[in-house]
Asker: 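Can you read through this structure? Questions will come right after.
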Amino acid sequence: MASTFSRHNFYLVIGTFTLLSVLGQVSTSIYTPFFHDLAHNYDSHISLIEKSVAIFLIAFSASQLLSGILCDYISKRYFLLCGILVFMGGTLLVALADSDSSFLFGRIVQGLGGGVGVSVSRGLSRQIFDEKQLSISLSITNMAFAIAPAIAPLLGTIIGEQLGVSAIFYFVLAIGGVALLLLLIASETISLHSPAVSPNVSGETFRLIKKSSAPIILVGVASGLLYGIVFCFVTIAPSMIMEQHGLSKTLFSIYSLLATLSFVAGSILNIRLSKWSTLLKFRLSSVAILSLSVLISVLTFLLKFDGLVMMLAYSYATFFFIGIAMPCSVTIMLRFSAKSAGFLAALVGFFHLTGAAAGAYLVAYIGSTLLMLPAYTFVLIATGLCLLSVTACLFLK
């Protein structure tokens, strides 16, 4: 029973799950200040390095969806072990890469391994913790989700400038090793509290798909497109801040941290607005982002205002409202079924990360194809994604 957890074992398991969940975010955010350096090292174009974010996210989202579905039928502990080993193997490939193609291949392997930790650890949390423990676990994980990608670029800057770019990936490999060690230590505790495979899960899942597939897809698409805006910024920010405006890697890392703090502030406000309808908060946040996007589009494309201060203000305001919308989308999705909550949680991650991959790829592809300045590219893609998201919201009930 969950109540038999000692305090030490409880936080050991939470720490393990949290680290397994954020490995993918850390492995992506930590090298963003060095897009130009990697392009130079591989004698490639920066747009190809930018696309490595999208390529990773595609593999990561597919892995998260499949592992979330399969973990109800396979030992979750061994699933996590395989996932972290694959992630570490991919990280080693990235560290040893001598060409852009081998770098991209390593990122795909990283994504396939990293996606397992998110869905499977979430599924295990629901099985081995009681309601209060689960709330603590998810709160800590959500904080880590917000903080890790903010700190990672700063850590990457310090490591990369002192020890070289490849040292960044060996650092990620070391973090993976710590996660593996924690998983091995916590393995006995997890095994002791893990229940047998849930009965009738497949039947409930098929009934859910047959009955509620349309609203599930609408929620997933609406939230995933908003998440895509986040990765528009993650992908284009190095070029927008360092290339277009000539600022340092340190300032880039600080501006990225402020974006994450804006996201956290939105999440805190969402908690304080607990009496509001979840769907209402989601819709209002989406409309607020669209209104900001339309305003910034007019200022940028018609009046030619593309200063960094304005772009950052728009980004931070957008991140604030996305911080409100994201937890709302998870809540809406999980309400469709209690028995298939693991499957629904995997779908949430799949839609979010597919949207993130779309945002990252589009901003890199459009920028390189149309030869637009980074600020213009960011505004164009962010506005388009938000418009589609609001359209999906209109059909939600």
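Computed from a predicted model, the values in this text were never measured in an experiment.
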Asker: Evaluate the side-chain proximity of I159 to F34: yes if any heavy-atom separation is below 4.5 Å, no if none is.
Answerer: no
Asker: Tell me whether W276 is reachable from F282 by hopping between hydrophobic residues (I, L, V, M, F, W, Y) whose side-chain heavy atoms are closer than 4.5 Å.
Answerer: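 In one cluster: yes.
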Asker: Inspect the surroundings of OH in Y365 and state if more than 12 heavy atoms from other residues, nucleotides or ligands are less than 6.0 Å away.
Answerer: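 Count not over threshold, so no.
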Asker: Distance check, rounded to the nearest 0.5 Å: I14 atom CD1 versus S21 atom OG?
Answerer: 11.5 Å
Asker: What closest approach, in Å, do V116 and L112 show between heavy atoms, and which atom pair accounts for it?
Answerer: CG2-O, 3.7 Å
Asker: Taking all non-hydrogen atoms of both residues, which atom of S286 and which atom of L226 are closest, and how far apart?
Answerer: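 Result for this residue pair: OG-CD1, 3.5 Å.
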Asker: Answer yes or no: is there a side-chain heavy-atom contact under 4.5 Å between M326 and V230?
Answerer: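 Result no, sub-4.5 Å side-chain heavy-atom pair not found.
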Asker: Is there a side-chain contact between F321 and K281, using heavy atoms and a 4.5 Å cut-off?
Answerer: no
Asker: If you apply the rule side-chain contact (heavy atoms from CB on, under 4.5 Å), what do you find for V165 with Y31, and how did you get there?
Answerer: CA-CA 8 Å; V165 180; Y31 74 93; 5.9 Å; no
Asker: Can you confirm whether I49 sits close enough to H36 that some side-chain heavy atom of one is under 4.5 Å from a side-chain heavy atom of the other?
Answerer: no
Asker: Are L347 and I58 in one and the same hydrophobic cluster, where Ile, Leu, Val, Met, Phe, Trp and Tyr link if side-chain heavy atoms are under 4.5 Å apart?
Answerer: no
Asker: Please round to the nearest 0.5 Å and tell me the distance separating atom CZ of F60 and atom OG1 of T28.
Answerer: 8.0 Å
Asker: Tell me whether M310 shares a hydrophobic cluster with I236, the cluster being built from Ile, Leu, Val, Met, Phe, Trp, Tyr side chains joined at under 4.5 Å.
Answerer: yes
Asker: Grab the two heavy atoms, one from V390 and one from V287, that are nearest each other, plus how far apart they are.
Answerer: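 In terms of heavy atoms, the two residues are closest at CG2-N, 4.2 Å.
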Asker: What do the steps show when you test Y376 against T300 for side-chain contact (heavy atoms from CB on, under 4.5 Å), and what is the final call?
Answerer: CA-CA 7 Å; Y376 287 79; T300 302; 3.5 Å; yes
Asker: Tell me which donor-acceptor pairs under 3.5 Å the side chains of residues 92-106 have, and how far apart each pair is, sequence neighbours excluded?
Answerer:
unit_1 : atom_1 : unit_2 : atom_2 : d
S99    : OG     : S101   : OG     : 3.1
S99    : OG     : S102   : N      : 3.3
S99    : OG     : S102   : OG     : 3.1
D100   : OD2    : S44    : OG     : 3.2
S102   : OG     : D98    : N      : 3.3
S102   : OG     : S99    : N      : 3.2
S102   : OG     : S99    : O      : 2.9

Asker: For residues Y227 and F231, establish whether the separation of their ring centroids is below 6.0 Å.
Answerer: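 Under 6.0 Å, so yes.
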Asker: Counting only N and O atoms by type, is there a donor-acceptor contact under 3.5 Å from the side chain of S248 to the main-chain atoms of L251?
Answerer: yes
Asker: Could you give the distance from OG1 (T91) to CZ (R107), rounded to the nearest 0.5 Å?
Answerer: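 Answer for the OG1-CZ pair, T91 versus R107, is 8.5 Å.
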Asker: Enter the distance from S187:OG to L182:CG here, rounded to the nearest 0.5 Å.
Answerer: 12.0 Å
Asker: Quick one about S315 and Y255 (side-chain donor to acceptor, distance below 3.5 Å, no hydrogens or angles considered), yes or no?
Answerer: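 No.
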Asker: Taking S121 for its side chain and V118 for its backbone only, find out whether a donor-acceptor pair lies under 3.5 Å.
Answerer: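 Present.
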Asker: Is S329 close to F351 at the side-chain level, that is, under 4.5 Å between some pair of heavy atoms?
Answerer: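 When only atoms from C-beta onward are counted, S329 and F351 do not touch, as no gap falls below 4.5 Å.
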Asker: Quick one: does L257's side chain get under 4.5 Å of L154's, heavy atoms only?
Answerer: no
Asker: Side-chain heavy atoms nearer than 4.5 Å, only ILVMFWY residues, links allowed to pass through others: does that put L184 and L20 together?
Answerer: yes
Asker: Is any side-chain heavy atom of L23 closer than 4.5 Å to one of Q110?
Answerer: no
Asker: Looking at P33 and P153, what are the two nearest heavy atoms and their distance?
Answerer: CG-O, 3.6 Å
Asker: More than 12 heavy atoms of other residues, nucleotides or ligands under 6.0 Å from OH of Y78: yes or no?
Answerer: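 Not buried by this count: 12 neighbours or fewer within 6.0 Å.
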Asker: Pick out which of F319, F320, F378 makes a ring pair (Phe, Tyr, Trp, His ring centres under 6.0 Å) with Y314.
Answerer: F378
Asker: For residues I30 and F171, report the shortest heavy-atom separation together with the two atoms involved.
Answerer: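 Distance-wise, the nearest heavy atoms are CD1-CD2, 3.7 Å.
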Asker: Using side-chain heavy atoms (C-beta onward) and a distance below 4.5 Å, is F35 in contact with S239?
Answerer: no
Asker: Any chance you could measure T354, atom OG1, to L57, atom CG, to the nearest 0.5 Å?
Answerer: 9.0 Å
Asker: Looking at OG of S47 and OH of Y361, how far apart are the two atoms once the value is rounded to the nearest 0.5 Å?
Answerer: 9.5 Å
Asker: Is the side chain of S262 donor-acceptor paired with the backbone N or O of L258 at a distance under 3.5 Å, no angle test?
Answerer: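 Yes: the side chain of S262 pairs with the backbone of L258.
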Asker: Among L385, T235, L380, which residue satisfies the side chain to side chain contact (heavy atoms under 4.5 Å, CB included) criterion with V363?
Answerer: T235
Asker: If you count heavy atoms of other groups shown closer than 6.0 angstrom to NZ of K210, is the number above 12?
Answerer: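 Not buried by this count: 12 neighbours or fewer within 6.0 Å.
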Asker: Are Y11 and I185 connected into the same hydrophobic cluster when the rule is that any two of I, L, V, M, F, W, Y join if their side-chain heavy atoms are below 4.5 Å apart?
Answerer: yes
Asker: Which atoms form the tightest heavy-atom contact between P238 and V234, and what is the distance?
Answerer: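 For P238 and V234, the tightest heavy-atom pair comes out as CD-O, 3.4 Å.
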